[in-house]
Asker: 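I have a structure here, written as structure tokens, and I will follow up with some questions on it.
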There are 2 protein chains.
Amino acid sequence: MQLEKVVAYHKALADATRVRMLILLADGELNGMTLAERLSLTPATITHHATKLREAGLIQERRDKNTIYFSLNNYLLHAGAGAAEELISRRHSHSDKGGQEMDEEGQKLQALEQEAAKEKFRASVLRSFIDKEGRLKSIPAQFKKKLVVLEHLAQKLEPGRAYPEKEINEFIVQFHPDFATLRREFIMQQFMFRQKEVYELNPVEMWPRWTQLS
Amino acid sequence: MQLEKVVAYHKALADATRVRMLILLADGELNGMTLAERLSLTPATITHHATKLREAGLIQERRDKNTIYFSLNNYLLHAGAGAAEELISRRHSHSDKGGQEMDEEGQKLQALEQEAAKEKFRASVLRSFIDKEGRLKSIPAQFKKKLVVLEHLAQKLEPGRAYPEKEINEFIVQFHPDFATLRREFIMQQFMFRQKEVYELNPVEMWPRWTQLS
DNA sequence: CAACTCCTTAGCCATTTATCTAATTAGATA
DNA sequence: TATCTAATTAGATAAATGGCTAAGGAGTTG
């Protein structure tokens, strides 16, 4: 029952304090004490909320000496690579004409949630199509899901390296027997290009962005 | 502080019972008693949750004699007009090979949330750019927001009716003084077409779909 | 190892909330 | 009008949750 996970995710965002934390983190990582100050809460309370955000996969943390820095989950920030990223990430210009467009905060939230939704879709598709051994259970029929899976596999290839057809086939067979179809898909969907008999990964910028489909 | 609204929205989805209700409703409208039975809860409890879902704008209701039918918010269903709609709406084929693709439930949720996210974006943009009198405060610079606003205005025009340039100008001026720019945008963004000096609304299918932009 | 810093855990309290039962309202129908 | 049906409201209760304080790590630095 992955209903649980959905509910858990929304529970994580169903508290003003936690959302405020995310908004603060959208400007860059912060340590616990700072968060506590900014929100006028005790460090204990921050820990409490950080735990929930972490469980929902929304934040990450790293330790530097005694200090623990919290930040938004990397995937949420980099997965989209879309316009949303601009909104969320690192902007320090808090000076505007203070008029209408004042709800920058809302925009960030917007973006945050869009990213989270995408990531959840991605996770859900991979859960459905990839088994524990990492093998592809089947090739998704739905276009968007297919892209998710292809992207997933493409990420395992070395950028810049030239793969002879034989190697590509071997690579694919690790995950699915139908190497011919998948190899063709890699080309058709622009994950790779082919020169003579040699395959090479396209730069990530050329990969299709399933996040932009309905 | 529209943080409140965001939190309220997530609170609405932060309960398993409510999410189950939405899943049930995704197959079509249901009345309170039926929901109560299906979920093994009392009618009172259904009312309780329905109230929250309604406040979050996720469901609608209509009355027929003594019975009140709940359904997913129309906008959520029709706004997208995208693939998401397929997923959500009315599917009665619950027979599959029961294997991997078993989490249809998850897919619906997925879709639901995507739609809700879009609608929230739309609402947020309109809140920013439309004043209480319904006038346009300014023309959004961001493309996606601009589309939202144009769509909003275009909806107020009569489909199939031919508007002489003079009338279009008058129409637009009701909302914003810069009728020239907006009129041009309507054409450029394919909301309308022009024959000679006469403007007419394009069929909705031709309108741009901002929901598909990152 | 002693002292310091930052974070987490444990335990407590107040508030919110999911659910129920029982009483009430809204509307249809006889 | 009396009665029936479906939904809502009121009130109670138990559970979950946000916040605090105080004590306990974990890791650094003298």
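In what follows, chains carry the letters A, B, and so on, assigned in the order in which the sequence lines appear, proteins first and then strands, with residues in each chain numbered from 1.
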Asker: Tell me what B/Leu41 touches on the nucleic acid: a base, only sugar-phosphate, or nothing, going by heavy atoms under 4.0 Å.
Answerer: sugar-phosphate
Asker: Using Watson-Crick or G-U wobble geometry with both distances under 3.5 Å, which nucleotide pairs with C/dA30?
Answerer: D/dT1
Asker: Tabulate atom names and distances for all N/O pairs under 3.5 angstrom spanning the protein and nucleotides 14-18 of chain D.
Answerer:
from, atom 1, to, atom 2, distance (Å)
D/dG18, OP1, A/Arg18, NH1, 3.0
D/dG18, OP1, A/Arg18, NH2, 2.9
D/dG18, OP2, A/His48, NE2, 3.1
D/dG18, OP2, A/Lys52, NZ, 2.9

Asker: Identify each atom pair where a protein N or O and an N or O of nucleotides 26-30 of chain C are less than 3.5 Å apart, giving names and distance.
Answerer:
from, atom 1, to, atom 2, distance (Å)
C/dG27, N2, B/Asn66, ND2, 3.0
C/dG27, N3, B/Asn66, OD1, 3.2

Asker: Please work out whether the ring planes of B/Phe171 and B/Phe186 are parallel, tilted or perpendicular, with thresholds of 30° and 60°.
Answerer: tilted
Asker: Mind calculating the distance between CD1 (A/Ile68) and C1' (C/dT8) to the nearest angstrom?
Answerer: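 The answer, rounded to whole Å, is 8 Å.
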Asker: Select one nucleotide: of D/dT9, C/dT8, C/dC7, the one nearest the side-chain heavy atoms of B/Thr47.
Answerer: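 In terms of side-chain proximity for B/Thr47, the closest of D/dT9, C/dT8, C/dC7 is D/dT9.
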Asker: Can you tell me how far P of D/dT21 sits from CD1 of A/Ile46, to the nearest Å?
Answerer: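 Going from CD1 in A/Ile46 over to P in D/dT21 covers 13 Å.
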Asker: Please state how far atom CE in A/Met33 lies from atom C1' in C/dC6, giving the value in whole angstrom units.
Answerer: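 Value for this atom pair: 7 Å.
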Asker: Please give, in whole Å, the distance from C/dA18 P to B/Leu13 CG?
Answerer: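 It is 12 Å, rounded to the nearest whole Å.
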Asker: Can you name the nearest heavy-atom pair linking A/Arg135 to A/Gln174, along with the distance?
Answerer: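 So the two residues come closest at NH1-O, 2.6 Å.
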Asker: Side-chain contact test, heavy atoms from C-beta onward, threshold under 4.5 Å: evaluate it for B/Leu13 versus B/Leu22 and give yes or no.
Answerer: yes
Asker: Provide, to the nearest angstrom, the distance between the CG atom belonging to B/Leu53 and the P atom belonging to D/dT8.
Answerer: 12 Å
Asker: Rounded off to whole Å, could you give me the CZ-to-P distance for the A/Phe70 and C/dC7 pair?
Answerer: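 The answer, rounded to whole Å, is 7 Å.
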Asker: Quick check on C/dT19: is either OP1 or OP2 less than 4.0 Å from any side-chain nitrogen or oxygen of B/Thr42?
Answerer: no
Asker: When you compare the side chain of B/Arg183 with that of B/Ile172, does any pair of heavy atoms fall below 4.5 Å?
Answerer: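 A side-chain contact exists here, since the closest heavy-atom pair is under 4.5 Å.
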Asker: Base, sugar-phosphate, or nothing: which does A/Ala44 touch, judged by heavy atoms less than 4.0 Å apart?
Answerer: base
Asker: Taking side chain as C-beta onward, heavy atoms only, is A/Asn31 less than 4.5 Å from A/Phe70?
Answerer: no
Asker: With heavy-atom distances below 4.5 Å as the criterion, would you say the side chains of B/Val148 and B/His152 are in contact?
Answerer: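 With C-beta onward as the side chain, the pair stays apart.
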Asker: State, to 0.1 Å, how close A/Val149 and A/Pro140 come at their nearest heavy-atom pair, and which atoms those are.
Answerer: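 So the minimum-distance heavy-atom pair works out to CG2-CG, 3.6 Å.
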Asker: Considering only heavy atoms from C-beta outward, does the side chain of A/Arg38 approach that of A/Leu41 to under 4.5 Å?
Answerer: no
Asker: How close or far is atom C1' of D/dA7 from atom CZ of B/Arg62, stated in whole angstroms?
Answerer: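 These atoms are roughly 15 Å apart.
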Asker: Out of the candidates B/Arg62, B/Glu29, B/Glu61, only one should pair with B/Ile68 under the side chain to side chain contact (heavy atoms under 4.5 Å, CB included) rule; please name it.
Answerer: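 That would be B/Glu61.
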